Amino acid sequence: MDILIQITYFAAAILFILGLRRMSSPVTARTGIHWAGAGMLVATLITFFWPGMENYLLMTVAIFIGGVAAWWTGRRVAMTDMPQMIALYNGMGGGAAGAIAAVELLHGGSHSRVFLLLAALGGLIGSISFSGSLIAFAKLQGWMRRPVRFPLQHQFNLVVFGLTLVPGGLLVFANEYTGTGLLLFFVLALSFGVLKTLPIGGADMPVVISLYNALTGLAVGLEGFVLNNAAMIIAGTVVGSAGTLLTQLMAKAMNRSLAKTLFGSFGGQEGAGEEAVGGAMKPIDANDAGIMMAYADKVIIVPGYGMAVAQAQHKVKELMDVLLGRGIDVKFAIHPVAGRMPGHMNVLLAEADVPYDHLYDLEEINAEFPQTDVVLVIGANDVVNPMARNNPESPIYGMPILNVDQARNVIVIKRGQGKGFSGVENTLFFADNTRMLYGDGQAMTGELIQAVKSL
Amino acid sequence: MIEGFTALYIFMLAAFTGYEVISRVPVILHTPLMSGSNFVHGIVLVGAMVAMGHARTPLEQFIGFVGVMLAAGNAVGGFVVTERMLEMFKSGKGRP
C-alpha cells in the first residue's frame, strides 16, 4: 500500500506542475486547472489508505463541511468578488498548515531538532498567512474601509514578531513542551499576521494576497517535510516560488517595490502637492455624454474597479455594440492593475463576451489617446491619475498610467466626488477636457446606451 | 523523514520548477494563476488528514478536525473559483 501511495503522490506532483504550466498560457489555461484537480482528487483519495490512521468518520465529516461550504460560496460569489475569495481560501490553507504544526508539536516526544524547527516554522508562516489573509478578505469585502495606522507601528509589529520567536525558540531549542508556550506561540503569530496587514491600503491588497499565497505554499512545503509527504513538499515549494515570482510581477506592474508595500504607508499621510489641484469638477448629464460619443470617430473605454462593483460589464458590452453599429472605432484600455487584481478587468469583460481583439494593454494603447475623440472612464481612478506622471511629490508618482488626459474629451463615470482607493486626489477630474458623469456605473452606462440609440 | 541533503535538493529543484513554470505568464492570467496556485497548495489537505488520523488526545483531534476542514475549503474553493475564472477564457482565441 505504501508504494501505491508514493506513486500516487508522485503522479499528483507531476499533474500539479503540468497543470500550473498549462495555466500560464491562455490557450491551455482551462485544461490546466482540470489536470491539477485530478491530481488533488487522487492524492486525497489515496490518503485514506495511509497506514495507521484513525478518526475516519470525523475526518470525512470535516472534509464534507469544509468542501461543501467552499463549493457553495465559490459557486455563488459574483465574479467581481473573486479576489477576496482567493484571499479567504488561501487563508484557510495557511490555517490548515498551522493546525498540522500544532498537532505535530502537541504530540511531543523525542523528535529531532530539525523536525521541530520545520514544524514550528511552517506553523508560524501558516498562522501569519491565515490571519493576514482574513484581514485582506475583510478589507476587500468592504468590512474594513480605512487602513489602521498608529505611531511606531512597524516597530511595534517587529516587537510582536520578536516575542513570537521566544516561545517558538524555547519549543525548538529547549524542548519546552508546555501547552501554554504553544498557545502563546500561535496567538502571537496570528496577531502578527493581523497587525502586519492592518496598515496596508486596499490598493496594495493584490500584491499582499499574492504574497500570502506564496507564504501558504511555503508553509505547506515545510509541513510536508515534517510529515514526510512528498506531494506536499513539491506542491508547496512550487507554489511558494511561483507565488513569489507572481508577487514580484504584480508589484512591478504597479511600480511598487515589495518592501514599500509592506513597510510604507501608502495614502496614509495626506500626500504633499494635493493642494496643487486647481479648478473644479465639471458635471455632464448622460444625454450630452451620449451625443458626444455618438458623433465621435474613436472611443476608448477605460474600465476600473467601479465597473466591477456596479456589475456594469454587460451594459458596457452593449454600449460597445451600439457604438460599433454606428461605425465608431471602440477599444478597451486595460491597465495591468485596474480593479483589485491584475487581469481582473479581462476576466469581467470576457464574462460579458467582449472579444479579446478589442482589449489593449497599457503599452499598446497609450500612444493612441491623443488621437481619440472620447475616452469613457468607468470607475477607474488611480490608474488614470496624471499625478503619477507629473507630480514627484505624489505617493503614486512613477506608477505607469493610462494617459487618458491626452484625449480630446474625457467622460468619467463615478459614484461621487471621493478619492480613489489609494486616497490620492486625481487631477484628471479637474482637467478642462474632463466631464464628470455622476452615478452608478451600470445605471449610467444604461443611460448612455439610451442616449446613443435615440439619435 | 526524507533525510538532510536529499530534502534540500528536492526543495531547491521544486523552487526552480515553480519559478520556471510561470516565468512567461501574460498579465491577463495573473489572477487566474494566483488562484490556481492557491488551489495547488490545497494539497495541505492530505497532510491535515494524516495529522488528524494520528491525533490521540481530544485536543489534537479537535485541531486536526479544524485543519482538515480548512484544508478542504482551500482545495475545493480554490478549484471552483479558478475553474469559473478560466471558464471565461473559452470564447476567445487570445491575441499573441
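Letters A, B, ... are given to chains in the order of the sequence lines, protein chains preceding strands, and every chain is numbered from 1. It should be emphasised that the depicted structure is a prediction, and the values quoted were computed from it without experimental measurement.
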*Counting heavy-atom pairs under 4.5 Å to chain B, which of I17(A), T244(A), I33(A) comes out on top?*
I33(A)

*Applying side-chain hydrogen bond (donor to acceptor under 3.5 Å, both in side chains), which residue pairs with at least one partner in residues 211-226 of chain A are found, sequence neighbours left out?*
N90(A)-T216(A), S129(A)-T216(A), T197(A)-Y212(A), N213(A)-S37(B), N213(A)-H41(B)

*Interface residue of largest heavy-atom contact number with chain A, from L70(B), V76(B), V80(B), under 4.5 Å*: L70(B)

*Among F16(B), F62(B), F39(B), F79(B), residue most engaged with chain A (heavy-atom pairs, under 4.5 Å)*: F39(B)

*Counting heavy atoms not belonging to Y19(B), are there more than 12 under 6.0 Å from its OH?*
no

*Check each atom of L20(A) against the heavy atoms of chain B and say whether the ones under 4.5 Å are side chain, backbone, both or neither.*
both

*Against chain B, label W50(A) side chain, backbone, both or neither, depending on which of its atoms sit under 4.5 Å from a heavy atom there.*
side chain

*Please look at S23(B) and chain A and tell me whether the side chain, the backbone, both or neither of the residue comes under 4.5 angstrom of a heavy atom of that chain.*
both

*For the atom pair CD1 (I43(B)) and CG (N229(A)), what is the distance rounded to the nearest 0.5 Å?*
7.0 Å

*Could you have a look at V239(A), L245(A), L88(A), V238(A) and say which one has the most heavy-atom pairs with chain B under 4.5 angstrom?*
L245(A)

*Ignoring hydrogens and angles, tell me if any N or O in the side chain of T47(A) forms a donor-acceptor pair with the backbone of A43(A) under 3.5 Å.*
yes

_Distance (rounded to the nearest 0.5 Å) between M12(B) CE and T237(A) OG1_ = 12.0 Å

*Report the option among M82(A), M23(A), M40(A) that has the most heavy-atom pairs separated by less than 4.5 Å from atoms of chain B.*
M40(A)

*So, for Q61(B) and M52(B), which heavy atoms are closest and what is the spacing to 0.1 Å?*
O-CE, 4.4 Å

*Heavy-atom proximity to chain B below 4.5 Å, by part of R22(A)*: neither

*Side chain, backbone, both or neither of V77(A) within contact of chain B (heavy atoms, under 4.5 Å)*: both

*Sort out for me which of T73(A), L18(A), I334(A), I100(A) touches chain B most, counting heavy-atom pairs under 4.5 Å.*
I100(A)

_Please classify the contact of L33(B) with chain A as side chain, backbone, both or neither, using a heavy-atom distance under 4.5 Å._
both

*Under a 4.5 Å heavy-atom cutoff, which of G18(B), A48(B), G42(B) has the most pairs with chain A?*
G18(B)

*Drop me the distance from L249(A)'s CG to H30(B)'s NE2, to the nearest 0.5 angstrom.*
4.5 Å

*Taking atom types as modelled, is there a side-chain donor on E83(B) or H34(A) under 3.5 Å from an acceptor on the other?*
yes

_Show, in sequence, the C-alpha distance, side-chain angles and deciding distance for M232(A) and Y9(A), and conclude whether the side chain to side chain contact (heavy atoms under 4.5 Å, CB included) test is met._
CA-CA 9 Å; M232(A) 278 172 77; Y9(A) 281 176; over 6 Å; no

_I need the residue from V81(B), V68(B), N38(B) with the largest number of non-hydrogen atom pairs under 4.5 Å to chain A._
N38(B)

*asked:* Heavy-atom pairs under 4.5 Å with chain B: which of A99(A), A242(A), S210(A) has the most?
replied: A242(A)

*If a pair satisfies side-chain hydrogen bond (donor to acceptor under 3.5 Å, both in side chains) and one of its residues is in residues 62-73 of chain B, list it, with sequence neighbours excluded.*
none

